[in-house]
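In this text, all values refer to a predicted model and were calculated from it rather than measured experimentally. Numbers for residues simply follow the sequence, beginning at 1.
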Amino acid sequence: PMALQYSITAIGTMMVQSALNILGSTLVAAFTAASKIEQVVTQAYVAMGTTMATYGAQNIGAGNVPRIRQGFKACTILGIGYSLVAATFIMTKYMTYLFVSEDVDIIMSSVDIYLKCIGLFFIPLAIVNIYRNGIQGLGYGLLPMMAGVAELIGRGVVARIAARERSYLGVCLASPAAWVLAGGLLIAMYYYIMNVHMKKMFGDYNQKV
């Protein structure tokens, strides 16, 4: 399921790239440079997701649902805190000099637009990584895949609109739209699992230590 989910995400990324390609080489270069900066600062979210997958699997195996709740809560707080710091960090446009050696002044403003767009939505990105992998760790493969479909829809719709309007801002907002849709769906899934399905499996688990 995880491999299929990443394939779905890749399709959305290809749609964004197609919309970007029609905007010209300068904007493609700006987007590429900004994406490199994004990749550096978002590796922490990948680590959080991997951690929650393992943590969820261990604790669901032990039947310790309160610890699962505590883990999700703690990782969510960590993710929000990191998102605020990371967003502030990448919105400092001078980071571009670390990744681009030529024509920096030409693409600087376009890089700045992309980084501001994604920085404002780092919290939903944290939610996506934490809850998608965490829910998979609990043994639910189909539900996170549905969130992947929502991510594809959000990214694809915004990318098509951006291509039609030839809007660089629209291309920059494609991923944030995907994160918001998928993140909202994943939170709903998590509360359903915790408040409905876990009670059916473990009874009144809130009384367990």
Side-chain angles (χ1 to χ4, degrees), residues 6 9-10 12-13 15-17 19-20 23 26-53 55 71-100 104-135 144 147-148 150-159 161-162 167-188 190:
Y6 284 129
T9 302
T13 302
M15 296 176 70
V16 173
Q17 188 64 48
L20 176 64
L23 300 179
T26 300
L27 292 178
V28 170
F31 191 92
T32 302
S35 296
K36 291 178 181 178
I37 299 172
E38 176 192 0
Q39 289 171 8
V40 170
V41 299
T42 57
Q43 287 305 303
Y45 299 130
V46 177
M48 291 178 196
T50 302
T51 299
M52 286 308 301
Y55 182 89
F72 272 95
K73 180 179 180 181
C75 199
T76 300
I77 293 172
L78 176 64
I80 291 173
Y82 177 79
S83 295
L84 296 175
V85 174
T88 302
F89 185 60
I90 69 165
M91 287 181 184
T92 302
K93 65 174 63 177
Y94 299 106
M95 276 195 65
T96 308
Y97 290 104
L98 298 175
F99 295 88
V100 182
V104 177
D105 294 335
I106 297 175
I107 67 172
M108 178 69 79
S109 61
S110 299
V111 171
D112 192 45
I113 290 171
Y114 179 83
L115 294 179
K116 281 184 167 58
C117 286
I118 63 167
L120 291 172
F121 292 91
F122 270 172
I123 291 177
L125 177 58
I127 295 298
V128 168
N129 281 271
I130 293 168
Y131 285 79
R132 178 176 59 196
N133 289 276
I135 291 172
E151 194 172 349
L152 172 62
I153 292 172
R155 187 175 279 115
V157 169
V158 175
I161 294 173
S167 169
Y168 177 70
L169 178 62
V171 172
C172 294
L173 289 172
S175 288
W179 301 338
V180 170
L181 279 178
L185 185 58
L186 285 164
I187 289 176
Y190 169 76

To the nearest 0.5 angstrom, please state how far the CD1 atom of Ile113 sits from the CD1 atom of Ile107.
-> 12.0 Å
How far does CG of Leu186 sit from CG of Leu181, to the nearest 0.5 angstrom?
-> 11.0 Å
Minimum side-chain heavy-atom gap Val128-Tyr45 below 4.5 Å | no
Check Ala182 against Ala147 and note the closest heavy-atom contact, atom names and distance.
-> CB-O, 3.6 Å
Spatial distance of atom CG (Leu115) from atom CD1 (Ile90) [nearest 0.5 Å] | 4.5 Å
Please walk me through it: do Thr42 and Ile118 pass side-chain contact (heavy atoms from CB on, under 4.5 Å)?
-> CA-CA 11 Å; Thr42 57; Ile118 63 167; 6.0 Å; no
Leu20, Leu152, Val157 screened by side chain to side chain contact (heavy atoms under 4.5 Å, CB included) with Met15, the one that passes = Leu152
Considering all heavy atoms, the nearest Ala159-Ala174 contact | N-CB, 4.4 Å
Could you check if a side-chain atom of Leu23 sits within less than 4.5 angstrom of a side-chain atom of Val28, using non-hydrogen atoms only?
-> no
Mind telling me whether Trp179 and Phe122 have parallel, tilted or perpendicular rings, with 30° and 60° as the class edges?
-> tilted
Considering all heavy atoms of both residues, which atom of Ala30 and which atom of Ser110 are nearest to each other, and what is their separation?
-> CB-CB, 3.4 Å
With rounding to the nearest 0.5 Å, note down the distance linking CD in Glu151 to OG1 in Thr13.
-> 8.0 Å
Roughly how far, to the nearest 0.5 Å, is OG1 of Thr50 from CD1 of Ile130?
-> 11.5 Å
Verdict with supporting geometry, Met52 and Asn129, side-chain contact (heavy atoms from CB on, under 4.5 Å) = CA-CA 9 Å; Met52 286 308 301; Asn129 281 271; over 6 Å; no
Tell me, do Met48 and Asn133 make a side-chain contact under 4.5 Å, heavy atoms counted?
-> no
Distance col, row Leu120:CG vs Ser83:OG, nearest 0.5 angstrom, shows 11.5 Å
Over all heavy atoms of both residues, which pair between Phe121 and Pro124 is shortest? Give the atoms and the distance, please.
-> O-CD, 3.1 Å
For the student: nearest non-hydrogen atoms of Ile127 and Gly183, plus distance | CG2-O, 3.8 Å
Partner residues of Tyr131 under the ring-ring contact (aromatic ring centres under 6.0 Å, His included) criterion, sequence neighbours left out = Phe72, Tyr190
